[in-house]
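One structure is given below, encoded as C-alpha cells.
What you are looking at is a predicted structure, and each value in this text was computed from that prediction instead of being measured.
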Amino acid sequence: MAELIVAGILVFVVGGCACVFWAARGGPRWARVVAAVTLAAAELVGRSGSKGVGRSGGSDD
C-alpha cells in the first residue's frame with residue numbers, strides 16, 4: 001500500500017516538473033497553471049524543510 005502512495009506522489013512530481021518545462025517553452029494555459037502550482041508547492045516544501053537545518057551562520061572548520 002505504501003508503495004502505491006509513493007508511486008502516486010512520484011507521478012505527480014514528475015508531471016509537475018514536465019509542466020514547468022513545457023510552460024517555460026510556451027505551452028498551453030493549463031500547463032502554465034500546473035507549473036505555477038508546482039513551483040508554489042516546491043517553495044512551500046523548501047521553506048518548511050530548511051528550518052533549523054545547518055543555518056547557524058558559522059563556519060564548519
Side-chain angles (χ1 to χ4, degrees):
M1 183 64 182
E3 293 88 5
L4 290 175
I5 293 171
V6 171
I9 292 170
L10 184 62
V11 167
F12 280 119
V13 169
V14 171
C17 291
C19 284
V20 169
F21 183 78
W22 192 12
R25 282 147 186 78
R29 180 176 169 85
W30 65 266
R32 291 191 297 269
V33 170
V34 172
V37 170
T38 301
L39 292 173
E43 182 70 25
L44 287 173
V45 169
R47 285 185 183 182
S48 69
S50 66
K51 290 181 181 175
V53 179
R55 301 276 177 163
S56 64
S59 64
D60 291 355
D61 289 318

Same apolar cluster (I L V M F W Y, side chains within < 4.5 Å links), Trp22/Val34: yes
Pairwise side chain to side chain donor-acceptor pair (under 3.5 Å) hits with a residue in residues 24-45, at least two apart: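 Every side chain to side chain donor-acceptor pair (under 3.5 Å) pair that includes a residue of residues 24-45, provided the two are not neighbours, is Glu43-Arg47.
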Would you tabulate the side-chain donor-acceptor contacts of residues 11-19 under 3.5 Å, counting partners in other chains and residues two or more places apart, or write 'none'?
none

